[in-house]
Amino acid sequence: MTQFDTTYDHKKYEKKWWNHWKEGGWFHAQADSKKPTYTILIPPPNVTARLHMGHGLNNTIQDILIRWKRMQGFNCCWLPGTDHAGIATQMMVEKSLESEGTSRTELGRKKFLQKCVEWKDENGGMIIEQLKRLGASCDWDREAYTMSPQLSKAVRQIFVDLYSKGLIYRGERLVNWDPVLKTAISDDEVVSEEVNGNLWYYRYPLEGDAEQGVVIATTRPETMFGDTAVAVHPEDERYKHLIGKNVIVPFVNRAIPVIADDYVKSEYGSGCVKITPAHDPNDFEMGKRHDLPFINVMNLDGSMNEICPEPFQNLDRFEARKLVIKKLKESKLLEKTESNRHAVPFSDRSKVPIEPRLSKQWYVKMAELAKPAIEAAKSKELKFYPPSWEKTYLHWLENIQDWCISRQLWWGHQIPIWYCDDCGEVSTGLEDPSECSHCQSSNLKQDEDVLDTWFSSWLWPLSPFGWPEETQDLKTFFPSAVLITAPEIIYLWVARMVMVGYFTKGALPFKDVYFNATICDKQGRKFSKTLGNGIDPLKVIDQFGADSVRYTCVSLAPLGGRVKMAETDFEAGNKFINKIWNAYRFLMGKLDGKATVASLNPDVLDLPSKWLLHELSETAKVMDQYFDKYQISEAVEALFHLTWRSYCDWGLEAAKDALDGKPTEQREQTLSALVYVFEGIMRLAAPVMPFISEEIWQNLPAHPAWEKPDSLMIAKYPKVDDLPKFVEEAGQWKQVQDLISHVRSVRTQAKVPPKDKLAAFVRCDKQFSDLLGRCEKWISRLAGINALAAGEGIAKPEKCLVATGKGWTLYVPVGQYLDFEKEKSRLEAEVKRVERIVKGLEGKLNNPNFVKKAPKEVVEQSTAQLENMQGQLSSLRENLESISG
RNA sequence: GGGCGCAUAGCUCAGUUGGUUAGAGCACUAGCCUUACAAGCUAGGGGUCCUAAGUUCGAAUCUUAGUGCGCCCACCA
């Protein structure tokens, strides 16, 4: 006993078993294996990322499924890797350059990219090491990276394939222009801030009749030189008569049409809005809808350009705004000024408002690609867990917009497009072209932009396995089994992988998509850096151990949805681990150094042992069912119940009787059953809690019914068909358990000291009294009974408490402890409860429609139940009368 | 504003095609240092299954409306 600590110390074992697994090579999947394949692709974290709780949950779920399938004999490949994360990495590197007193533009593109590579080598991929602490059994030999030569080659290939099929085109779009940095920035670098501004109302006179006109309302009067329409709601009575006519833009004296569009809100402002398609995202959309001209009125630095009239030219946009208002006042066109608080997009970098700017971008045509992806979901070939996400997925795909794949960054895959200075045409190809494919000129310039990071990660099911080459890896590991990811990226990533899967291979990249829960704090707020409400997984792994963290995460998290988590929750996992450890200590103590135990012999095994064995097989069955449906938290709960409630609370307690005695065959059999079931529990627990289960499993004596490979992670997962079952005996023991619970309850009610032994009398049929006779030693030990009498003719003794169950009435004489008043009120409440049930059942059975229409089994069940409850009721009444009288 | 979803014990949630007395974990209460574990054992209290109407022999479960909440997308000139 002394060789075991009273608590499990994870620090002693985690490193040890991790190394054992690594040395065993069991993480690695063979491409030429004869076993069935099971592949999961890790959602590649940003190479800049640090492990957070969301990763913790997401990867624990993946590891559980992988370990479960591996133990079931599958050739499991869990592909790890990272994403080059264009924006995030570039921002990190720029930050460090800033601290060195230099900048991206100063270094130039080539040197900057060099810096990015250096940064990645030094700081990147830390999350990969952190995943190992969690116990993630990834195929580490296959670790992939979206900027590696292999994956970059795949990106190039898919670009060229799509281009050659006419699915990539160049189009115009508004980008977020930073007038200080004179560069476009990504959406992620734009922060929206509330500012106090004004809403100005001013008049645009009607063409040919300056007396008439419309009053528009705007927050950005300086863009008026780029106006190409004025829009009103089609049903707005105030303006209906003007639709189709022209108004004059003041100062530039340009005629623009009044158009009708649903987008306009009659009740906002004046109900009339100026449209500047080149300087506002909504106006841009409307410009496209109505085929309006796009007029850019600004220079790259945000000053007004030559299109604007003389006094405004070269003024900064905010100076121009002031002057516009001044001039409008002078011209008596300004009607009124309202203060207006509204959101303005700011550049996160330079802290100035961004200016939407028209520019050429590359797009992927999505409509055709989406078709098979839609079909896959509709036909249920592609399934979502929980299924409610299917609608979201379909809604997006059915209204899909073309995908803008160019990003104004340097870090990433530079767009493989070359512009010819001579003929103006573009060239592309798998190799960098040395001459224009149209005019053979060598005056080529590559597009400055890079591809969206998702344009490389949508190939994740393919490129890490060697695509476009038809490698053995690709043949074996594509498609994967299930994708475990966060619902936020259903469009960005999930749907796109499906589309490219069909485009390249004509197949789904995965059949199941599981969305894990979002982790929140106890107030239901998402974990976020800015709130600082997150839990650091590494900290809790240090404190409680990886097994505790894994167990707690999945037990708290239902499929989908949200999980409210606090650091104290991990104590629950820790308690469970400790319980397992102590069961192990107890068992090892009783085994007394034995290296092996006897084979199970059903002829000798006692009733509680058979029940426990049966519980194991039942749990193995339901856990498989839950895992199959990705209901991890339910599966883990079943494991908890088996371990704690069944094995420890009942199994070990009942076994003490045999274990305390001399070394008989009975004792050997009880030990055999305990070892067998405990090993079964370790195997069931291995996917969830790999470290403690491995430590224990390695030390358990060999049981003839379990094989013993080099590691639990490659041992056979318990299969319900192979496990012993004792349906009848299990049912019998459950009846005994029920009786024991009632005796304990009665004792507590009478406040009988736990150490005092009592007698018990049970009125029941012969079958049940025989059963009780066989179980007397356990009833005695577990219920504190020193004399048991059971049978049909048992009379009610004096001064006793009574309890009823299915087919039996229990009398426990409690003598001095009996409090008549209390017992009377308890019995009255009990009688009332049973009466209510009886009444309900009678009502049901007296209803001719019920008897006529309900299924036969339901009617029979109700009849039998009524009989049972009536029996209980009469026993209770009898006792109540005797106590009252 | 558009789309989707949720509402069951104090909290987090199960409840499988409508059918036993609606369950679990945590929390709470009481009694126990019973030699594996006080990070424990035993027992217990606690629910008009959001509201209203409907379908049905029968509704937590199905339908409709209302209320409250959440998520995603788009955001107001």
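Letters go in sequence order (proteins before strands), and every chain restarts at 1.
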Using 4.0 Å as the upper bound for N to carboxylate O, is an ion pair formed by A/Arg220 and A/Glu355?
yes
To the nearest angstrom, how far is A/Glu285 atom CD from B/C75 atom C1'?
13 Å
In whole Å, what separates the C1' atom of B/A7 from that of B/G47?
14 Å
Contact under 4.0 Å: A/Ser741 side-chain N or O vs B/A43 OP1/OP2
yes
Please check if the number of heavy atoms outside A/Lys777 that lie under 6.0 Å from its NZ is greater than 12.
yes
Whether over 12 other heavy atoms sit under 6.0 Å from A/Glu835 CD:
yes
Under-3.5 Å donor-acceptor pair between A/Arg836 side chain and B/U21 base:
no
Given B/A77, B/G19, B/C32, which nucleotide is nearest the side-chain atoms of A/Phe850?
B/G19
Between A/Thr670 and A/Ala658 (side chain of the first, backbone of the second, donor and acceptor by atom type, cut-off under 3.5 Å), is there such a pair?
no
For B/G58, take OP1 and OP2 only and decide whether either is under 4.0 Å from a side-chain N or O of A/Asn849.
no
Between B/A65 and B/C72, how far is it from one P atom to the other, in whole Å?
26 Å
Closest to side chain of A/Lys575, choosing from B/G19, B/C72, B/G40
B/G40
Have a look at A/Asp569 and say if it touches a base, only the backbone sugar-phosphate, or nothing, with a 4.0 Å heavy-atom cut-off.
nothing
Using the C1' atoms only, state how far B/A9 lies from B/A14, rounded to an integer number of Å.
13 Å
Nearest to the side chain of A/Arg744 - B/A43, B/U16, B/A36?
B/A43
Using the C1' atom in both, what is the distance from B/U35 to B/A30, to the nearest Å?
25 Å
As its Watson-Crick or G-U partner within any shown strand, both distances under 3.5 Å, B/C71 has B/G3
Under 3.5 Å on both distances, the Watson-Crick or G-U partner of B/G45:
none
Using a cut-off of 4.0 Å on non-hydrogen atoms, how would the nucleic acid contact of A/Phe576 be classed: base, sugar-phosphate, or nothing?
nothing
Check: A/Trp389 ring centroid to A/Tyr393 ring centroid under 6.0 Å:
no
Rounded interatomic separation in angstrom, taking CG from A/Leu652 and P from B/U35:
15 Å
For the pair A/Lys383 and A/Glu390, find out whether any cationic side-chain nitrogen is under 4.0 Å from an anionic carboxylate oxygen.
no
Expressed in angstrom and rounded to an integer, what is the separation of A/Gln625 atom CD from B/A14 atom C1'?
15 Å
Pairing partner of B/C76, by Watson-Crick or G-U wobble and under 3.5 Å for both distances, is none
Answer yes when A/Lys839 and A/Glu842 have at least one side-chain N-carboxylate O distance shorter than 4.0 Å, and no when they do not.
no
Need one value for A/Lys856: base, sugar-phosphate or nothing, where a base atom within 4.0 Å counts as base even if backbone is also close, heavy atoms only.
nothing
Out of B/A39, B/G25, B/C72, minimum distance to the side chain of A/Asn574 belongs to B/A39
A/Trp644 side chain: which of B/G40, B/U42, B/A36 is closest?
B/G40
When you compare B/C4 with B/C76, how far apart are their P atoms, in angstrom units rounded to a whole number?
24 Å
Rounded to whole Å, the CZ-C1' distance (A/Arg220 to B/A77) equals 11 Å
Between A/Lys378 and A/Glu398, is the closest basic N to carboxylate O distance under 4.0 Å?
yes
Hey, does the side chain of A/Ser745 come within less than 4.0 Å of B/G44's phosphate (OP1/OP2), counting only N and O?
yes
Residue whose closest nucleotide on RNA chain B lies nearer the 5' end, A/Tyr491 versus A/Tyr626:
A/Tyr626
Whole-Å distance between B/G58 C1' and A/Asn847 CG?
9 Å
Send over the distance from A/Arg585 CZ to B/U35 P, rounded to a whole Å.
13 Å
So, A/Tyr514 versus A/Tyr385, ring centres under 6.0 angstrom or not?
no
How far, in whole Å, is B/G45 from B/A59 if one measures between their C1' atoms?
28 Å
Identify which nucleotide among B/C76, B/A24, B/G31 has an atom closest to any side-chain atom of A/Glu637, counting heavy atoms from C-beta outward.
B/A24
So, is A/Arg645 near the phosphate of B/G25, with a side-chain N or O under 4.0 Å from OP1 or OP2?
yes
Is there a Watson-Crick or G-U wobble partner for B/G40 with both distances under 3.5 Å, and if so, which one is it?
B/C32
Which one, B/G5, B/A77, B/U21, comes nearest to the side chain of A/Gln865?
B/U21
Using whole Å, what does the distance between atom P of nucleotide B/C72 and atom CG of A/Leu492 come to?
12 Å
Taking the minimum atom-to-atom distance to the side chain of A/Pro855, which one of B/G19, B/A77, B/U42 wins?
B/G19
Proximity to the side chain of A/Asn578 - top-ranked nucleotide from B/U42, B/C37, B/U21
B/C37
Are A/Asp660 and A/Lys656 within salt-bridge range, i.e. N to O under 4.0 Å?
no
Pick base, sugar-phosphate or nothing for A/Asp649, based on heavy-atom distances below 4.0 Å to the nucleic acid.
sugar-phosphate
Say we look at B/C6 and B/C13: how far apart would their C1' atoms be, to the nearest angstrom?
12 Å
Just checking A/Glu653: base, sugar-phosphate only, or nothing, at a heavy-atom cut-off of under 4.0 Å?
base
Hey, is the side chain of A/Lys391 poking within less than 4.0 Å of OP1 or OP2 on B/G5, counting only N and O atoms?
yes
Just call it for A/Ala217: base, sugar-phosphate, or nothing, with non-hydrogen atoms closer than 4.0 Å on any strand.
base
Looking only at N and O atoms, is any donor in the side chain of A/Lys579 or the base of B/C37 less than 3.5 Å from an acceptor on the other one?
yes
The side chain of A/Phe640 is closest to which nucleotide in this list: B/A39, B/G25, B/A36?
B/G25
Separation between the P atoms of B/U48 and B/A43, rounded to whole Å
26 Å
Rounding to a whole Å, what distance do you find between A/Trp650:CH2 and B/A43:C1'?
12 Å
With heavy atoms under 4.0 Å as the rule, sort A/Gly271 into base, sugar-phosphate or nothing.
base
With a 3.5 Å cut-off and just heavy-atom distances, do the side chain of A/Gln749 and the base of B/A30 make a donor-acceptor pair?
no
Watson-Crick/G-U partner (both atom distances under 3.5 Å) of B/G25
B/C11
